[in-house]
Amino acid sequence: MANTAMKKTFLDKLKEKVNGWYRKNPALRPLYKAFVVVVLFFYHIVMHFAGNGKKYLCGIAVVAVFIANGSFTFYGNGEVIHAEAASNSDIALVTEKEVETADILPEEADPTAYGSGDYQVETTEDSFTLEDIWDEHATYLEQEDAVIPTDNSYNNLTFDKDDWRIILVNKQHPIPDDYEFELAVIKDWMMCDSRILENLLLMMKDASKDGYTLAINSPYRRMSDQVFLFDRKINKFMDLGMSYMDAYKTSAYSVTVPGASEHQLGLALDLVAAGHNVLSEAFGETGEGIWLRDNSYKYGFILRYPKGKEHITGIEYEPWHFRYVGVEAATIIYENDLCLEEFWEEYVY
Ligand SMILES: [Zn+2]
């Protein structure tokens with residue numbers, strides 16, 4: 001639904017007012033949900049035992065509750081943002097059309113205005129170094145001749161748009177419904193697409209030979225993980241006083257919208273230096289960050305959200321986020337200073 005300049009009805013004004021309360025007091029939402037359950041419970045009891053007068057009053061109460069319910073599936077100006085997402089605790093599958101609303105960062109919602117450097121810290125989950133995962137993958141890691149072939153004639157290649165390695169997933173291109181792949185366990189709950197595991201291990205092994213200890217943080221994410229991260233980010237911005245709509249758009253700049261994250265493909269990982277589980281721009285200046293930027297392509301990985309390409313990727317500079325695209329594509333992307341979107345323009349048919 002586009003920005004229709006609707007005349008505000010009494011109901012719209014009521015919705016805005018109630019929305020305001022919800023924005024100021026996020027705790028009202030779970031309380032409200034509990035309230036709905038209680039009201040419905042008593043409604044059934046009254047309908048069983050009470051006389052007509054009380055039934056009538058109870059009916060009015062239930063209608064009032066549902067009007068209040070409507071107030072947080074809609075927000076402001078009669079514009080529907082995302083009926084499911086607006087309930088704020090369960091962002092459901094985001095369709096392509098809805099994703100577009102998150103595409104443009106609103107001028108008034110500059111994320112850097114909310115404490116520079118801090119807003120981009122995405123996660124502090126556990127991470128695993130090569131040492132942590134060595135035993136699981138010893139058979140592969142201990143073989144001597146694991147070397148990825150390199151070639152200098154990649155620039156003449158073209159790529160098939162159906163090649164799984166180069167699949168383009170971003171806010172305009174959500175993951176296709178029929179996308180299928182096999183997961184391999186890196187360690188414990190940590191998984192990735194089985195086809196990229198060997199190259200990942202080899203990259204970590206070679207980094208360690210050069211003296212850099214990489215740690216894997218947050219590889220494959222289920223839809224629910226991505227929803228959790230996105231939801232948490234929205235709440236954080238709303239706590240800073242943003243409206244839901246601005247918080248949604250600003251969040252989409254630093255955490256990928258659920259359904260459009262490469263982590264859900266199993267082809268992307270966040271890499272950090274051992275002992276530093278924080279995802280921040282400063283990682284790009286560490287030895288590990290520099291090594292990855294300059295060497296990851298040899299193993300088929302690219303720095304997916306480079307500095308200076310934010311206007312194309314729609315995502316801030318993320319020196320920790322690496323995406324597998326295969327050695328050929330990665331080499332072209334690295335040598336020609338492209339981002340994946342630009343690569344698609346030139347090389348994919
Ligand atoms: Zn990432």
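On a predicted model such as this, the values are computed, not experimentally measured, just so you know. In this chain, residues are counted from 1 in sequence order.
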Check: Between Tyr248 and Tyr244, how do the two ring planes meet: parallel, tilted or perpendicular, split at 30° and 60°?
Finding: tilted
Check: So do the side chains of Arg304 and Leu340 get within less than 4.5 Å of each other, counting heavy atoms only?
Finding: yes
Check: Got a second to check how far Glu328's CD is from Thr158's OG1, nearest 0.5 Å?
Finding: 11.5 Å
Notebook entry, point to check: Mind checking whether Phe322 and Ile302 have side chains closer than 4.5 Å, heavy atoms only?
Noted result: no
Checklist line | Gap separating the CG atom of Leu202 from the OH atom of Tyr140, nearest 0.5 angstrom | finding: 4.5 Å
Margin query: So does Phe283 get a backbone contact from the side chain of Thr286, meaning a donor-acceptor N/O pair under 3.5 Å?
Written below: yes
Note to self: For a 4.5 angstrom cut-off between non-hydrogen side-chain atoms, does Phe301 reach Leu292?
What the structure shows: no
Checklist line | Interatomic spacing from CG in Leu269 to CE in Met204 - rounded to 0.5 Å | finding: 9.0 Å
Check: If you look at every heavy atom in His137 and Ile186, which pair is closest and at what distance?
Finding: NE2-O, 2.9 Å
Notebook entry, point to check: Do the non-hydrogen side-chain atoms of Arg323 and Tyr305 ever get within less than 4.5 Å of each other?
Noted result: no
Check: Are more than 12 heavy atoms from other residues, nucleotides or ligands located less than 6.0 Å from atom CD of Glu142?
Finding: yes
Check: Do you know which two heavy atoms are closest between Ala215 and Ser127, and how far apart they sit?
Finding: CB-OG, 3.6 Å
Note to self: More than 12 heavy atoms of other residues, nucleotides or ligands under 6.0 Å from CZ of Phe181: yes or no?
What the structure shows: yes
Item checked: Minimum side-chain heavy-atom gap Leu265-Trp164 below 4.5 Å -> no
Check: Can any side-chain N or O of His263 pair as donor or acceptor with the backbone N or O of Pro219 at less than 3.5 Å?
Finding: yes
Note to self: Using only atom types and a distance under 3.5 Å, with no angle test, would you say the side chain of Asn336 pairs donor to acceptor with the backbone of Leu338?
What the structure shows: no
Check: Within a strict 4.5 Å, meaning less than it, do heavy atoms of the Ile332 and Tyr297 side chains meet?
Finding: no
Note to self: Closer than 3.5 angstrom, by distance alone: can the side chain of Glu285 be matched with the main-chain N or O of Ala282 as a donor-acceptor pair?
What the structure shows: no
Item checked: Salt-bridge criterion met for Lys309 and Glu341 (N-O under 4.0 Å) -> no
Note to self: If you define the side chain from C-beta out and look only at heavy atoms, does anything of Glu288 sit under 4.5 Å from Leu271?
What the structure shows: no
Next item on the list: Indicate the atoms forming the closest heavy-atom contact of Pro319 with Glu281, along with that distance.
Entry: CG-O, 3.7 Å
Check: Does the side chain of Ile234 reach to within under 4.5 Å of the side chain of Met238, using non-hydrogen atoms?
Finding: yes
Check: Counting only N and O atoms by type, is there a donor-acceptor contact under 3.5 Å from the side chain of Asp193 to the main-chain atoms of Arg195?
Finding: yes
Check: Is the count of non-hydrogen atoms from other residues, nucleotides or ligands lying under 6.0 Å from Phe42 atom CZ greater than 12?
Finding: no
Note to self: I'd like to know if Val257 and Ile312 are part of one continuous hydrophobic network [Ile/Leu/Val/Met/Phe/Trp/Tyr, side-chain heavy atoms within less than 4.5 Å].
What the structure shows: no
Next item on the list: Look at the side chain of Glu345 and the backbone N and O of Phe343, then say whether any donor-acceptor pair between them is shorter than 3.5 Å.
Entry: no
Check: Hey, what do you get for CH2 (Trp320) to CG (Asp270), rounding to the nearest 0.5 Å?
Finding: 7.5 Å
Check: How many angstroms lie between NE2 in His173 and CD1 in Ile175, if you round to the nearest 0.5 Å?
Finding: 13.0 Å
Check: With sequence neighbours excluded, what pairs up with Lys187 under the side chain to side chain contact (heavy atoms under 4.5 Å, CB included) test?
Finding: Phe128, Asp132, Ile133, Glu136
Notebook entry, point to check: Got a salt bridge between Glu262 and Arg221, using NZ or NE/NH1/NH2 to carboxylate O under 4.0 Å?
Noted result: no
Note to self: Strictly below 4.0 Å, N to O, side chains only: are Lys209 and Asp206 in salt-bridge contact?
What the structure shows: yes
Check: Leu200 and Trp189: same hydrophobic cluster, using ILVMFWY side-chain contacts below 4.5 Å?
Finding: yes
Next item on the list: Determine, using the 4.5 Å side-chain heavy-atom cutoff (strictly less than), whether Val272 and Ile290 are members of one ILVMFWY cluster.
Entry: no
Margin query: Run Lys249 and Asp246 through salt bridge (charged side-chain N to carboxylate O under 4.0 Å, His left out) and show every step you take.
Written below: CA-CA 5 Å; Lys249 287 178 176 175; Asp246 286 348; 5.5 Å; no
Checklist line | Test item: Asp188 side-chain N/O and Met190 main-chain N/O as donor-acceptor pair under 3.5 Å | finding: no
Next item on the list: Examine Leu40 and Ile45 and state if one hydrophobic cluster contains both, with Ile, Leu, Val, Met, Phe, Trp and Tyr joined whenever side-chain heavy atoms are less than 4.5 Å apart.
Entry: no
Next item on the list: Mark yes or no for whether Gln264, through its side chain, and Gly259, through its backbone, hold a donor-acceptor pair below 3.5 Å.
Entry: yes
Next item on the list: Taking all non-hydrogen atoms of both residues into account, name the closest pair between Gln226 and Pro258 and its distance.
Entry: CG-CA, 3.7 Å
Next item on the list: May I ask whether Ile333 and Trp344 are part of the same hydrophobic cluster, defined by side-chain heavy atoms of I, L, V, M, F, W, Y residues being less than 4.5 angstrom apart, directly or through others?
Entry: yes
Note to self: Any side-chain to backbone donor/acceptor pair from Asn199 onto Ile196? Under 3.5 Å, distance only.
What the structure shows: no
Next item on the list: State, to 0.1 Å, how close Tyr253 and Gly314 come at their nearest heavy-atom pair, and which atoms those are.
Entry: CD1-O, 3.4 Å
Notebook entry, point to check: What distance do Trp291 atom CH2 and Ser208 atom OG have between them, rounded to the nearest 0.5 Å?
Noted result: 9.0 Å
Next item on the list: Indicate the atoms forming the closest heavy-atom contact of Leu130 with Leu201, along with that distance.
Entry: CD1-O, 4.3 Å
Note to self: Taking the basic N atoms (NZ, or NE/NH1/NH2) and the acidic carboxylate oxygens, is any pair closer than 4.0 Å for Asp239 and Lys236?
What the structure shows: no
Next item on the list: Please indicate whether Asp177 has more than 12 foreign heavy atoms, meaning atoms of other residues, nucleotides or ligands, lying under 6.0 Å from its CG.
Entry: no
Next item on the list: Take the angle between the ring planes of Tyr347 and Phe159 and call it parallel below 30°, perpendicular above 60°, tilted in between.
Entry: perpendicular
